[in-house]
Every structure is written in structure tokens, then in C-alpha cells.
Amino acid sequence: MKILKAIGNVFVKIWRWIKNTAWVQPLLIVGLIFGVIFSIPAITSAIQNLIKNNNSARKFFETYQLKMEGDKDSEAQKLLDRYDISRKEYNEQKTPEQKKAVINKIPDKEKKFFLFFTSYATVNDDLKSGFEIAETYWKTTFGVKDDFRLYTIFTDEETTTATTKKPAFETFMDSKSWFFEEAAVNGEKTEYYKNGKITDDQLTKLSDCDPSNFQLPLLVLVDWKILLQDEPDETNIGITQLTFGLTGDDNWAKAKFLVDCWNGEGEFEPK
């Protein structure tokens, strides 16, 4: 009984304090209101930052990212491994039918695609906007028949096996140096190079496979579909186009640049 009485006395004292200090309640309410008002800018800023991050260039290209995590078992290396197998098998065949059979075995998502090398440190909204417009209006406004295909590799990606002495991209380049050397050789045979849009210095640095001297952004077009034509142009097998960055006066022009690269038109066709 004494315990119950003691507990009851505590509640009685609390009730008396509430009655005697009722004047405090309006102050608390006013303080709460002002607290909410002053917190609105911070809340608004947080929401804006969230929206900005979701719409950022990094977020856009991460949607298409092939990661280097796992080294030889990574998504990035495996894509080029499959590319290398197709390239070798194609070159081993003698007849057009045999060569087409090799191409037909390639998955649709790898028959024709952009491979885009960029970095978290340098990717920006201008690049994103050009790609985003191209992706959005690829088949409608631009009338491209193929699906939009893009794969992205971030050269400054950090992996669990990377070290300060040997970053992930250096490991990637060491393993796939043949790809960059081939890109440089094929690049010199493109109309884009012949039209003066790529320099010899750029191609030399590309073939050197030196991560510290690697020029970004690099866009490579892999096109096997072109070899399914009745009389295919075998000037470049696999890698058919490459360019360092996107050109254009505005984002729509950059999107058109991507379409022209895909179709081999504009600056990518003979003059």
C-alpha cells in the first residue's frame, strides 16, 4: 500500500506542476512552430540534394556501369574476353556463311554497343545530357532501328584488390592491353580520324596503355552487325569507331553526334 501511495503522490505532483505552469505551454507551442519554420530550408536543401544526386551524371552512367571488381572475373574483363573470342573465331573462318555464324552466336546486347570510359572525377552533366537525350529519343526523333546499348567503365573505380601502387584500372589495362592497342590501330583506319578529328598523339597514348596518360573520356563503338551485310566492309573488325569525348554546340547536337557515330554518318563518313 505504501508503494502504491508513493506512486500516486508522484502523479499528483506532476499534475500540479502542469496546472501551475500552464503558461509555459503557449511558449512551447510557439517554439515548436518557429523550430519547424527554421528547419524548412534545411529540409528543402536535403530534398534538393537528394534529387540532384539521383539525377547526377554519376548516377546516370552508373546505370550502365561494368565494374572491375573481381579483376579477371569482373563484368568489365568478361565483356572483353567474350569480344576477343568472337574476334578470333571470326578471323579463323574462311567463308561468309561461317563468319556470319560466328556473329549470330554473339548475344544481341553485345552485337553492337558503345563502350564509354570515364571517371567519377571528370564525368559531368554535359556528357550526361548528350547521352540522356540520345537514349530518350533514340528510336523516335533520331530514328535508329537498333536498341540503345551503352556500357560504362569508371577508370577511378576502387575495388577490394586495388592498392595505392596499383589501382583497379591499371590491372584492367595490363590484362586487356590488346584491346586498347587494337582500338588505336582501328581508330587510324576510321573516317573520323581521316577527317582530322583524332590526332596521332591521342592514338599513340591509347596504344601505350599507360593509365597515368590515358585520355578521358573515350568512346568506343563495337559493331558486329555491320559484318552481317551481303558485302561487309572488313576494314575494322569489332571496333569500328572511337572518339575522345562528344562534340556539339549544345546537348542535342551531342546526342546527334552519338547517333552519327552509331550510324557512321556526319563526321564519321567519307568526305
Can you confirm whether the side chains of [X] and [Y] place a donor and an acceptor under 3.5 Å from each other?
{"X": "Lys176", "Y": "Gln77", "result": "yes"}
{"X": "Glu158", "Y": "Tyr120", "result": "no"}
{"X": "Thr199", "Y": "Asp201", "result": "no"}

Review point. Which of these, Thr161, Thr160, Thr159, sits in a side-chain hydrogen bond (donor to acceptor under 3.5 Å, both in side chains) with Glu69?
Key: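 Between Glu69 and the candidates, side-chain hydrogen bond (donor to acceptor under 3.5 Å, both in side chains) is satisfied uniquely by Thr160.
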Angle class for the [X]/[Y] ring planes (parallel below 30°, perpendicular above 60°, tilted otherwise)?
{"X": "Phe180", "Y": "Phe169", "value": "perpendicular"}
{"X": "Trp252", "Y": "Tyr137", "value": "tilted"}
{"X": "Phe148", "Y": "Trp138", "value": "perpendicular"}
{"X": "Phe116", "Y": "Phe131", "value": "tilted"}

Output the distance between atom [atom1] ([X]) and atom [atom2] ([Y]), rounded to the nearest 0.5 Å.
{"X": "Glu135", "Y": "Tyr64", "atom1": "CD", "atom2": "OH", "answer": "3.0 Å"}
{"X": "Trp224", "Y": "Ile103", "atom1": "CH2", "atom2": "CD1", "answer": "7.0 Å"}
{"X": "Glu267", "Y": "Lys256", "atom1": "CD", "atom2": "NZ", "answer": "10.0 Å"}

Nearest heavy-atom pair of [X] and [Y]: which atoms, and what distance?
{"X": "Ala76", "Y": "Phe172", "answer": "CB-CE1, 3.7 Å"}
{"X": "Arg82", "Y": "Glu110", "answer": "NH2-OE2, 2.8 Å"}
{"X": "Ile237", "Y": "Glu182", "answer": "O-OE2, 3.5 Å"}
{"X": "Lys78", "Y": "Asp73", "answer": "CE-O, 3.5 Å"}
{"X": "Asp210", "Y": "Ser212", "answer": "OD1-OG, 2.8 Å"}
{"X": "Thr240", "Y": "Thr190", "answer": "O-CG2, 3.3 Å"}

Review point. When you check the gap from the basic side-chain N to the acidic O, do Glu62 and Arg58 get nearer than 4.0 Å?
Key: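 Yes, charged N to carboxylate O under 4.0 Å.
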**Study point:** Note: Asp125-Lys128 ion pair, threshold 4.0 Å (strictly below)
**Key:**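 Salt bridge flag = no for Lys128 with Asp125.
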Exercise for review: Spell out, as yes or no, whether a donor-acceptor pair under 3.5 Å connects the side chain of Thr136 to the backbone of Glu132.
Suggested key: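 At least one qualifying donor-acceptor pair exists.
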Practice item. Starting from the C-alpha separation in whole Å, work towards a yes-or-no answer on ring pair (Phe, Tyr, Trp, His ring centres under 6.0 Å) for Phe257 and Phe268. Key: CA-CA 9 Å; Phe257 176 87; Phe268 298 90; 5.2 Å; yes
Check your understanding: Yes or no on side-chain hydrogen bond (donor to acceptor under 3.5 Å, both in side chains) for Glu234 and Tyr90, after CA distance, side-chain angles and deciding distance?
Key -> CA-CA 11 Å; Glu234 293 186 319; Tyr90 183 89; 2.5 Å; yes
**Study point:** Val185 with Leu80, same ILVMFWY side-chain cluster at under 4.5 Å
**Key:**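 No, Val185 does not connect to Leu80 through the hydrophobic network.
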Check your understanding: Does Phe113 have its ring centroid less than 6.0 Å away from the ring centroid of Tyr151?
Key ->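 When the ring centroids of Phe113 and Tyr151 are compared, they turn out to be within the sub-6.0 Å range.
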Practice item. Compute the centroid of each ring, for Phe142 and then for Trp262, and state whether the two points are separated by less than 6.0 Å. Key: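 No: the rings miss the under 6.0 Å criterion.
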Exercise for review: Answer yes or no: does atom NZ of Lys72 have more than 12 heavy-atom neighbours from other residues, nucleotides or ligands under 6.0 Å?
Suggested key: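 Open.
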Exercise for review: Would you check, one step at a time, whether the test salt bridge (Lys or Arg N to Asp or Glu O under 4.0 Å) holds for Lys67 with Glu75?
Suggested key: CA-CA 6 Å; Lys67 294 187 176 181; Glu75 297 172 332; over 6 Å; no
